[in-house]
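These notes are about the structure you will find just below.
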Amino acid sequence: MLDKLEAIQQRFNDVSEQLTQPEAMSDMKRFKALNKEYKDLGKIVTEYKAYQQVLSNIDNAKEVISTEKDQDFREMAKAELDELMPEQERLEAVIKELLIPKDPNDSKDVIMEIRAGAGGDEAAIFAGDLQRMYMRFAEKQGLRMDLIDATEGTSGGYKEIVLSLKGEDVYGKLKFESGVHRVQRVPATETQGRIHTSVASIVVMPEAEELDIELDMNDIRKDLFMSSGPGGQSVNTTYSAVRLTHLPTGIVAQCQDQKSQLKNFDKALQVLRSRIYEIELAKKNEAEGAARKSMIGGGDRSDKIRTYNYPQGRVTDHRIGFTVYNLPSVMDGNIDDFVEQLRLAESAERLKEGVV
(Lines give C-alpha, C1' and ligand atoms only; values in the text may rest on other atoms or scores of the structure.)
Protein backbone atom coordinates (compact mmCIF):
# COMPACT_ATOMS: atom_id res chain seq x y z
CA MET A 1 0.00 0.00 0.00
CA LEU A 2 2.86 2.39 0.81
CA ASP A 3 4.29 2.01 -2.69
CA LYS A 4 0.89 2.87 -4.17
CA LEU A 5 0.60 5.90 -1.89
CA GLU A 6 4.05 7.12 -2.91
CA ALA A 7 3.06 6.83 -6.57
CA ILE A 8 -0.12 8.81 -5.86
CA GLN A 9 1.89 11.48 -4.04
CA GLN A 10 4.18 11.79 -7.07
CA ARG A 11 1.22 11.96 -9.48
CA PHE A 12 -0.39 14.63 -7.28
CA ASN A 13 2.78 16.71 -7.51
CA ASP A 14 2.93 16.21 -11.30
CA VAL A 15 -0.70 17.26 -11.76
CA SER A 16 -0.16 20.28 -9.51
CA GLU A 17 2.73 21.33 -11.72
CA GLN A 18 0.76 20.77 -14.95
CA LEU A 19 -2.11 22.94 -13.73
CA THR A 20 0.21 25.93 -13.64
CA GLN A 21 1.34 25.48 -17.25
CA PRO A 22 -0.16 27.80 -19.92
CA GLU A 23 -0.86 24.89 -22.31
CA ALA A 24 -3.14 23.23 -19.72
CA MET A 25 -5.10 26.44 -19.20
CA SER A 26 -5.58 26.89 -22.94
CA ASP A 27 -7.24 23.47 -23.29
CA MET A 28 -10.42 23.66 -21.21
CA LYS A 29 -11.22 19.95 -21.47
CA ARG A 30 -7.74 18.95 -20.28
CA PHE A 31 -7.69 21.63 -17.58
CA LYS A 32 -11.02 20.41 -16.21
CA ALA A 33 -9.82 16.79 -16.16
CA LEU A 34 -6.57 17.76 -14.42
CA ASN A 35 -8.42 19.87 -11.88
CA LYS A 36 -10.72 16.96 -11.03
CA GLU A 37 -7.77 14.58 -10.72
CA TYR A 38 -5.95 17.08 -8.49
CA LYS A 39 -8.98 17.30 -6.20
CA ASP A 40 -9.46 13.51 -6.04
CA LEU A 41 -5.77 12.78 -5.41
CA GLY A 42 -5.62 15.59 -2.84
CA LYS A 43 -8.03 13.73 -0.55
CA ILE A 44 -5.74 10.69 -0.54
CA VAL A 45 -2.56 12.75 -0.13
CA THR A 46 -4.01 14.56 2.90
CA GLU A 47 -4.74 11.26 4.66
CA TYR A 48 -1.37 9.84 3.56
CA LYS A 49 0.48 12.75 5.20
CA ALA A 50 -1.48 12.22 8.40
CA TYR A 51 -0.66 8.49 8.20
CA GLN A 52 3.06 9.20 7.72
CA GLN A 53 3.02 11.47 10.78
CA VAL A 54 1.34 8.78 12.89
CA LEU A 55 3.88 6.14 11.75
CA SER A 56 6.72 8.51 12.63
CA ASN A 57 5.25 9.17 16.08
CA ILE A 58 4.83 5.44 16.66
CA ASP A 59 8.49 4.83 15.82
CA ASN A 60 9.54 7.63 18.18
CA ALA A 61 7.35 6.29 21.00
CA LYS A 62 8.75 2.76 20.55
CA GLU A 63 12.31 4.11 20.61
CA VAL A 64 11.65 5.96 23.87
CA ILE A 65 10.16 2.82 25.44
CA SER A 66 13.17 0.71 24.43
CA THR A 67 15.98 3.20 25.23
CA GLU A 68 14.76 5.71 27.84
CA LYS A 69 15.82 4.95 31.43
CA ASP A 70 13.41 7.40 33.06
CA GLN A 71 10.28 5.46 34.06
CA ASP A 72 7.97 8.51 33.72
CA PHE A 73 9.12 9.12 30.14
CA ARG A 74 8.55 5.46 29.29
CA GLU A 75 5.03 5.57 30.75
CA MET A 76 4.24 8.70 28.75
CA ALA A 77 5.49 7.01 25.59
CA LYS A 78 3.37 3.91 26.30
CA ALA A 79 0.28 6.07 26.81
CA GLU A 80 0.99 7.87 23.54
CA LEU A 81 1.46 4.54 21.77
CA ASP A 82 -1.91 3.32 23.09
CA GLU A 83 -3.52 6.33 21.36
CA LEU A 84 -1.49 6.09 18.16
CA MET A 85 -2.12 2.42 17.33
CA PRO A 86 -5.92 2.78 16.94
CA GLU A 87 -5.34 5.96 14.92
CA GLN A 88 -3.03 4.02 12.60
CA GLU A 89 -5.77 1.41 12.06
CA ARG A 90 -8.39 4.11 11.45
CA LEU A 91 -6.23 5.91 8.87
CA GLU A 92 -5.41 2.63 7.11
CA ALA A 93 -9.13 1.88 6.78
CA VAL A 94 -9.82 5.39 5.47
CA ILE A 95 -6.98 5.18 2.94
CA LYS A 96 -8.03 1.71 1.74
CA GLU A 97 -11.51 3.03 1.04
CA LEU A 98 -10.12 6.08 -0.75
CA LEU A 99 -8.01 3.79 -2.93
CA ILE A 100 -11.11 1.99 -4.24
CA PRO A 101 -11.61 3.31 -7.79
CA LYS A 102 -14.55 5.67 -7.75
CA ASP A 103 -17.35 5.91 -10.27
CA PRO A 104 -16.14 8.79 -12.48
CA ASN A 105 -19.67 10.20 -12.40
CA ASP A 106 -19.79 10.49 -8.59
CA SER A 107 -18.57 14.08 -8.65
CA LYS A 108 -21.21 15.19 -11.16
CA ASP A 109 -24.37 17.17 -10.46
CA VAL A 110 -27.62 15.31 -11.07
CA ILE A 111 -30.96 15.47 -12.81
CA MET A 112 -33.64 13.85 -10.64
CA GLU A 113 -37.02 12.77 -11.96
CA ILE A 114 -39.84 11.80 -9.56
CA ARG A 115 -42.98 10.25 -11.06
CA ALA A 116 -46.19 9.11 -9.39
CA GLY A 117 -46.97 5.45 -10.09
CA ALA A 118 -49.80 3.18 -9.01
CA GLY A 119 -52.05 4.71 -6.39
CA GLY A 120 -53.84 7.59 -8.09
CA ASP A 121 -53.97 10.88 -6.17
CA GLU A 122 -52.16 9.36 -3.19
CA ALA A 123 -49.20 8.42 -5.42
CA ALA A 124 -48.93 12.04 -6.58
CA ILE A 125 -49.08 13.25 -2.97
CA PHE A 126 -46.32 10.76 -2.08
CA ALA A 127 -44.21 12.01 -5.02
CA GLY A 128 -44.57 15.49 -3.51
CA ASP A 129 -43.50 14.15 -0.10
CA LEU A 130 -40.39 12.61 -1.69
CA GLN A 131 -39.60 15.89 -3.44
CA ARG A 132 -39.76 17.68 -0.09
CA MET A 133 -37.59 14.97 1.51
CA TYR A 134 -34.85 15.48 -1.06
CA MET A 135 -35.23 19.26 -0.86
CA ARG A 136 -34.62 19.14 2.91
CA PHE A 137 -31.69 16.74 2.38
CA ALA A 138 -30.21 19.15 -0.17
CA GLU A 139 -30.54 22.06 2.25
CA LYS A 140 -28.75 20.14 5.01
CA GLN A 141 -25.99 19.01 2.63
CA GLY A 142 -25.44 22.48 1.19
CA LEU A 143 -26.69 21.42 -2.25
CA ARG A 144 -28.70 23.62 -4.59
CA MET A 145 -31.99 22.27 -5.91
CA ASP A 146 -33.70 23.90 -8.91
CA LEU A 147 -37.02 23.07 -10.52
CA ILE A 148 -36.89 22.21 -14.22
CA ASP A 149 -40.41 21.00 -14.95
CA ALA A 150 -43.46 19.79 -13.03
CA THR A 151 -46.97 18.46 -13.56
CA GLU A 152 -49.02 18.85 -10.40
CA GLY A 153 -51.45 16.25 -9.09
CA THR A 154 -55.15 17.03 -8.86
CA SER A 155 -55.16 16.63 -5.05
CA GLY A 156 -51.65 17.91 -4.38
CA GLY A 157 -48.15 16.66 -4.97
CA TYR A 158 -46.89 15.89 -8.46
CA LYS A 159 -47.65 13.50 -11.25
CA GLU A 160 -44.12 14.23 -12.40
CA ILE A 161 -41.39 16.62 -11.32
CA VAL A 162 -37.90 17.12 -12.77
CA LEU A 163 -35.19 18.73 -10.63
CA SER A 164 -31.52 19.56 -10.83
CA LEU A 165 -29.22 19.27 -7.82
CA LYS A 166 -25.79 20.87 -7.77
CA GLY A 167 -22.96 20.66 -5.25
CA GLU A 168 -20.10 18.41 -4.20
CA ASP A 169 -20.30 14.71 -5.16
CA VAL A 170 -24.08 14.90 -5.66
CA TYR A 171 -24.36 11.83 -7.90
CA GLY A 172 -22.19 9.84 -5.49
CA LYS A 173 -24.64 10.64 -2.70
CA LEU A 174 -27.90 10.13 -4.56
CA LYS A 175 -27.26 7.57 -7.30
CA PHE A 176 -28.72 4.70 -5.26
CA GLU A 177 -32.03 6.55 -4.84
CA SER A 178 -33.07 5.41 -8.33
CA GLY A 179 -35.89 2.88 -8.29
CA VAL A 180 -39.42 2.38 -7.01
CA HIS A 181 -40.29 3.85 -3.60
CA ARG A 182 -43.39 2.42 -1.88
CA VAL A 183 -45.55 4.05 0.79
CA GLN A 184 -48.04 2.33 3.10
CA ARG A 185 -50.41 4.66 4.95
CA VAL A 186 -53.98 5.92 5.29
CA PRO A 187 -54.32 8.55 2.52
CA ALA A 188 -55.83 11.95 3.28
CA THR A 189 -58.44 11.11 0.63
CA GLU A 190 -59.48 7.85 2.40
CA THR A 191 -62.71 8.09 4.40
CA GLN A 192 -62.75 4.53 5.81
CA GLY A 193 -59.33 4.68 7.49
CA ARG A 194 -57.91 1.88 5.36
CA ILE A 195 -54.19 1.59 4.70
CA HIS A 196 -53.28 1.97 1.02
CA THR A 197 -50.09 1.11 -0.82
CA SER A 198 -48.88 3.58 -3.44
CA VAL A 199 -45.63 3.96 -5.34
CA ALA A 200 -43.48 6.60 -6.96
CA SER A 201 -40.45 6.03 -9.16
CA ILE A 202 -37.23 8.00 -9.00
CA VAL A 203 -34.51 8.31 -11.63
CA VAL A 204 -31.21 9.95 -10.71
CA MET A 205 -28.99 10.75 -13.70
CA PRO A 206 -25.51 12.29 -13.75
CA GLU A 207 -25.80 15.69 -15.37
CA ALA A 208 -24.02 15.45 -18.71
CA GLU A 209 -21.90 18.32 -19.96
CA GLU A 210 -21.06 19.27 -23.51
CA LEU A 211 -17.68 17.59 -23.04
CA ASP A 212 -19.40 14.30 -22.09
CA ILE A 213 -21.67 14.00 -25.11
CA GLU A 214 -21.95 15.92 -28.33
CA LEU A 215 -25.40 16.65 -29.72
CA ASP A 216 -26.07 17.63 -33.31
CA MET A 217 -28.65 20.41 -33.11
CA ASN A 218 -29.91 19.31 -36.53
CA ASP A 219 -31.14 16.14 -34.78
CA ILE A 220 -33.23 18.10 -32.29
CA ARG A 221 -36.74 19.41 -32.93
CA LYS A 222 -37.75 22.43 -30.87
CA ASP A 223 -41.43 23.07 -30.05
CA LEU A 224 -42.76 26.08 -28.15
CA PHE A 225 -45.93 26.16 -26.07
CA MET A 226 -47.58 28.24 -23.37
CA SER A 227 -46.56 27.55 -19.78
CA SER A 228 -49.29 25.93 -17.70
CA GLY A 229 -47.81 26.16 -14.22
CA PRO A 230 -46.72 28.88 -11.76
CA GLY A 231 -44.68 31.61 -13.41
CA GLY A 232 -46.34 34.98 -13.04
CA GLN A 233 -47.88 37.09 -15.77
CA SER A 234 -46.13 35.22 -18.57
CA VAL A 235 -48.14 32.04 -17.94
CA ASN A 236 -50.58 31.26 -20.75
CA THR A 237 -49.73 34.50 -22.54
CA THR A 238 -46.40 33.80 -24.25
CA TYR A 239 -44.85 30.76 -25.90
CA SER A 240 -41.95 30.58 -23.42
CA ALA A 241 -42.14 26.85 -22.60
CA VAL A 242 -39.79 24.65 -24.61
CA ARG A 243 -40.05 21.00 -25.63
CA LEU A 244 -37.06 19.33 -27.29
CA THR A 245 -37.20 16.02 -29.16
CA HIS A 246 -34.07 14.09 -30.07
CA LEU A 247 -35.14 12.64 -33.42
CA PRO A 248 -32.72 9.67 -33.61
CA THR A 249 -33.84 8.30 -30.23
CA GLY A 250 -37.26 9.87 -29.70
CA ILE A 251 -36.18 11.13 -26.26
CA VAL A 252 -38.12 14.22 -25.14
CA ALA A 253 -37.29 16.90 -22.56
CA GLN A 254 -39.17 20.05 -21.72
CA CYS A 255 -39.02 23.02 -19.38
CA GLN A 256 -41.61 25.65 -18.57
CA ASP A 257 -40.38 26.87 -15.18
CA GLN A 258 -38.68 30.03 -16.43
CA LYS A 259 -40.34 33.08 -17.98
CA SER A 260 -37.49 33.29 -20.48
CA GLN A 261 -37.71 31.03 -23.53
CA LEU A 262 -33.90 30.98 -23.70
CA LYS A 263 -33.55 29.80 -20.09
CA ASN A 264 -36.19 27.14 -20.62
CA PHE A 265 -34.32 25.98 -23.74
CA ASP A 266 -31.03 25.70 -21.81
CA LYS A 267 -32.66 23.69 -19.02
CA ALA A 268 -34.50 21.39 -21.44
CA LEU A 269 -31.25 20.79 -23.34
CA GLN A 270 -29.54 19.97 -20.06
CA VAL A 271 -32.13 17.28 -19.32
CA LEU A 272 -32.08 15.93 -22.88
CA ARG A 273 -28.30 15.64 -22.85
CA SER A 274 -28.36 13.83 -19.48
CA ARG A 275 -31.04 11.36 -20.61
CA ILE A 276 -29.05 10.47 -23.72
CA TYR A 277 -25.85 10.25 -21.65
CA GLU A 278 -27.57 7.82 -19.25
CA ILE A 279 -28.52 5.55 -22.15
CA GLU A 280 -24.98 5.65 -23.53
CA LEU A 281 -23.60 4.80 -20.07
CA ALA A 282 -25.92 1.80 -19.80
CA LYS A 283 -24.74 0.55 -23.21
CA LYS A 284 -21.11 1.03 -22.23
CA ASN A 285 -21.55 -0.80 -18.93
CA GLU A 286 -23.30 -3.68 -20.64
CA ALA A 287 -20.58 -3.94 -23.28
CA GLU A 288 -17.87 -3.99 -20.61
CA GLY A 289 -19.80 -6.36 -18.38
CA ALA A 290 -19.69 -3.72 -15.66
CA ALA A 291 -23.37 -3.75 -14.79
CA ARG A 292 -22.96 -6.02 -11.77
CA LYS A 293 -26.03 -7.85 -10.51
CA SER A 294 -25.27 -6.86 -6.94
CA MET A 295 -27.32 -6.33 -3.80
CA ILE A 296 -27.55 -2.62 -4.46
CA GLY A 297 -28.06 -3.07 -8.19
CA GLY A 298 -27.51 -0.51 -10.87
CA GLY A 299 -30.48 1.74 -10.26
CA ASP A 300 -32.95 -0.27 -12.31
CA ARG A 301 -36.09 1.82 -12.59
CA SER A 302 -38.35 -1.18 -12.03
CA ASP A 303 -36.72 -2.35 -8.79
CA LYS A 304 -38.66 -1.77 -5.58
CA ILE A 305 -35.93 -0.35 -3.38
CA ARG A 306 -37.55 1.20 -0.30
CA THR A 307 -40.79 1.08 1.72
CA TYR A 308 -42.10 3.89 3.93
CA ASN A 309 -44.56 2.35 6.42
CA TYR A 310 -46.42 5.08 8.31
CA PRO A 311 -48.43 2.93 10.80
CA GLN A 312 -45.18 1.43 12.13
CA GLY A 313 -43.03 4.56 11.58
CA ARG A 314 -40.66 2.32 9.66
CA VAL A 315 -38.47 2.83 6.58
CA THR A 316 -36.79 -0.21 5.01
CA ASP A 317 -34.26 -0.38 2.17
CA HIS A 318 -34.83 -3.80 0.62
CA ARG A 319 -31.48 -4.00 -1.18
CA ILE A 320 -29.36 -4.08 1.98
CA GLY A 321 -32.03 -5.04 4.54
CA PHE A 322 -31.51 -1.78 6.42
CA THR A 323 -34.43 -0.55 8.57
CA VAL A 324 -34.93 2.53 10.74
CA TYR A 325 -37.92 3.45 12.93
CA ASN A 326 -37.73 7.23 12.57
CA LEU A 327 -39.94 7.79 9.52
CA PRO A 328 -40.85 11.45 10.36
CA SER A 329 -37.15 12.31 10.56
CA VAL A 330 -36.44 10.52 7.26
CA MET A 331 -39.25 12.38 5.51
CA ASP A 332 -37.72 15.60 6.85
CA GLY A 333 -34.60 14.91 4.79
CA ASN A 334 -32.51 12.89 7.23
CA ILE A 335 -31.61 10.10 4.80
CA ASP A 336 -27.90 10.22 5.64
CA ASP A 337 -27.97 6.73 7.20
CA PHE A 338 -29.34 5.23 3.98
CA VAL A 339 -26.82 7.13 1.84
CA GLU A 340 -23.94 5.96 4.06
CA GLN A 341 -25.09 2.32 4.34
CA LEU A 342 -25.51 2.04 0.57
CA ARG A 343 -22.10 3.60 0.02
CA LEU A 344 -20.52 1.11 2.46
CA ALA A 345 -22.31 -1.78 0.71
CA GLU A 346 -20.89 -0.66 -2.63
CA SER A 347 -17.38 -0.33 -1.16
CA ALA A 348 -17.62 -3.79 0.41
CA GLU A 349 -18.63 -5.33 -2.91
CA ARG A 350 -15.76 -3.65 -4.72
CA LEU A 351 -13.34 -4.94 -2.09
CA LYS A 352 -14.75 -8.48 -2.45
CA GLU A 353 -14.13 -8.28 -6.18
CA GLY A 354 -10.49 -7.55 -5.44
CA VAL A 355 -10.54 -4.07 -6.91
CA VAL A 356 -7.98 -2.84 -4.37
Separation between CG (L81) and CD1 (I65), nearest 0.5 Å, reads 5.0 Å

Could you verify whether a donor N or O on one side chain and an acceptor N or O on the other, from Q21 and E17, lie under 3.5 Å apart? yes

Report the residues that fulfil side chain to side chain contact (heavy atoms under 4.5 Å, CB included) with N326, sequence neighbours left out, ordered by chain and then residue number. V324, S329, V330

Could you tell me if the side chain of L247 sits less than 4.5 Å from the side chain of I220, heavy atoms only? no

Worked check of side-chain contact (heavy atoms from CB on, under 4.5 Å) between I8 and L99: CA-CA 10 Å; I8 288 172; L99 289 175; 3.3 Å; yes

Is it true that the side chains of Y325 and Q312 contain a donor and an acceptor less than 3.5 Å apart? no

Using residues 124-133 as the side-chain source, report each donor-acceptor pair under 3.5 Å to any protein atom, sequence neighbours left out, with the distance given to one decimal.
{"residue": "D129", "atom": "OD2", "partner": "R185", "partner atom": "NH1", "Å": "2.9"}
{"residue": "D129", "atom": "OD2", "partner": "R185", "partner atom": "NH2", "Å": "2.8"}
{"residue": "R132", "atom": "NH1", "partner": "M331", "partner atom": "O", "Å": "3.4"}
{"residue": "R132", "atom": "NH1", "partner": "D332", "partner atom": "OD1", "Å": "3.4"}
{"residue": "R132", "atom": "NH2", "partner": "D332", "partner atom": "OD1", "Å": "3.3"}

Side-chain heavy-atom pair E47, L91 within 4.5 angstrom cut-off: yes

E177/K175 ion pair, N-O < 4.0 Å: no

Below 4.0 angstrom, N of the basic side chain to O of the carboxylate: do E207 and R273 qualify? no

Can you tell me which residue pairs pass the ring pair (Phe, Tyr, Trp, His ring centres under 6.0 Å) test with a partner in residues 78-109, sequence neighbours excluded? none

Answer yes or no: is there a donor N or O on one side and an acceptor on the other, between the side chain of D70 and the main chain of F73, under 3.5 Å? yes

Residues R30 and E23 bridged, charged N to O under 4.0 Å: no

Within the 4.5 Å heavy-atom criterion, are F322 and V315 side-chain neighbours or not? no

Restricting to side chain to side chain contact (heavy atoms under 4.5 Å, CB included), what partner residues turn up for S16, sequence neighbours left out? Y38

Before you tell me yes or no, could you show the steps for V186 and H196 under side-chain contact (heavy atoms from CB on, under 4.5 Å), namely the whole-Å CA-CA distance, both residues' side-chain angles and the distance that decides it to 0.1 Å? CA-CA 6 Å; V186 178; H196 285 225; over 6 Å; no

In Å and rounded to the nearest 0.5 Å, what is the NZ to CG distance from K108 to D106? 11.0 Å

Has K49 got more than 12 heavy atoms of other residues, nucleotides or ligands less than 6.0 Å from its NZ? no

With R306 as the cation and F338 as the aromatic partner, state whether NZ or CZ is under 6.0 Å from the six-membered ring centre and within 45° of the axis. yes

For D216, what residues pass the side chain to side chain contact (heavy atoms under 4.5 Å, CB included) criterion, not counting sequence neighbours? N218, D219

Taking only residues two or more places apart in sequence, or in another chain, which ones meet D169 in a side chain to side chain contact (heavy atoms under 4.5 Å, CB included)? K43, S107

